[in-house]
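I have placed the structure first, in the form of structure tokens, so that the comments after it can refer back to it.
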There are 2 protein chains.
Amino acid sequence: MKKTYSTQEIEKRLSEAGVQPTLQRIAIGQYVLCDADHPTAEDVLAWAEKKLMKISQATVYNTLNTLVEAGLARPFRFPHSDKVVYDSNLMDHFHFLDEKSGQVYDIAMEDIEIKVEMPKKYKIKSLDVVIKGEIKN
Amino acid sequence: MKKTYSTQEIEKRLSEAGVQPTLQRIAIGQYVLCDADHPTAEDVLAWAEKKLMKISQATVYNTLNTLVEAGLARPFRFPHSDKVVYDSNLMDHFHFLDEKSGQVYDIAMEDIEIKVEMPKKYKIKSLDVVIKGEIKN
DNA sequence: TCTAATATTAGAATAATTCTAAACTTAGAA
DNA sequence: TTCTAAGTTTAGAATTATTCTAATATTAGA
């Protein structure tokens, strides 16, 4: 489902986006863009610390903001939490929120048929759809 | 567009919802349920202070939470702000966010045609739709 | 090798909201 | 009417997510 990028590829993506590929940025970039699934800043810090990486909280926040500004990840907020979640899926897509676990799943646009009819004065730029429910396994 | 309730009606709605209709609750209730349009806690406090009401910040938060628990208002978060916004529209509905002004507009369900096709294991409970854009006047 | 630009950091600051525990108000029993 | 217990309001402290500050470290390129 998710792409895997080698360290070199992450480095290249950062450079191409005009971001200096430092050690911290490469590590966090690889985690957020490949391994993690909708992580929060807290998740990223916990992962880094578990990896015995010496990193400060500020760097985690700085790096996540940098990834967002570089267009490599997108921030989202969901109703069940007041933490920002980072999504590396750059395609337009929607979200399913499992209210039991708090887990967020990406939903491809193709799975939803949506037609918005509104007076012309509303100029639509984008659409956020969050489907809330439960997953039965 | 919005219903108007007299003080007595607000008092009745509070009582019927099992909430003691105190002065503070009636005042904030009337403001949130009739006069205001998607106010934040900050808006409610500012309004109360402008009215020369002696009220504490904690009471504003308590009362808003009470209104939500009583089912008289619903809390929402939007992507442009990290403040919770209170919505007295109890019908299911969607939102339009004017990215220029930050103003939120309610969109009736009838104005949107949405059809969600998903694997059966996703049990859908509710849907949050936020349309972001601009209003041309 | 040097220097200027850029990153990282610890810790302070900010902002929204909740908590705490004391003071106040109210509803209803006596 | 008075009393009491339950419920409400309050000021201020606490909490949580995030950003800021300003000092230190690293890096890119001359």
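As a basis for the values below, the full set of heavy atoms in this structure was taken, side chains included, without hydrogen atoms, waters or symmetry mates. Chain identifiers are assigned alphabetically (A, B, ...) following the order of the sequence lines, protein sequences preceding nucleic acid strands; residue numbering begins at 1 within each chain.
Between Lys51(B) and Glu49(B), no side-chain nitrogen of the basic residue sits less than 4.0 Å from a carboxylate oxygen of the acidic one, so the salt-bridge criterion is not met. Between Lys123(B) and Glu134(A) there is no salt bridge, since no side-chain N of the basic residue sits under 4.0 Å from a carboxylate O of the acidic one.
In this structure, Ile26(B) places its CD1 atom 13 Å from C1' of dT8(D), rounding to the nearest Å. Between Leu14(B) atom CG and dT8(D) atom P the separation is 11 Å, expressed in whole Å. The distance between atom CG of Leu45(A) and atom P of dT19(D), rounded to the nearest whole Å, is 14 Å.
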Contact letters for nucleotides 4-26 of chain C, in which S counts primed atoms plus P, OP1 and OP2 and B counts the base, heavy atoms under 4.0 Å: --SSSBB-----SBBB-------
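The closest side-chain heavy-atom distance from Thr7(A) to Ile26(A) is below 4.5 Å.
In this structure, Arg13(A) forms a cation-pi arrangement with Tyr5(A), its terminal cationic atom sitting closer than 6.0 Å to the ring centre and no more than 45° off the ring axis.
Centroid-to-centroid, the aromatic rings of His95(A) and Phe76(A) come within less than 6.0 Å.
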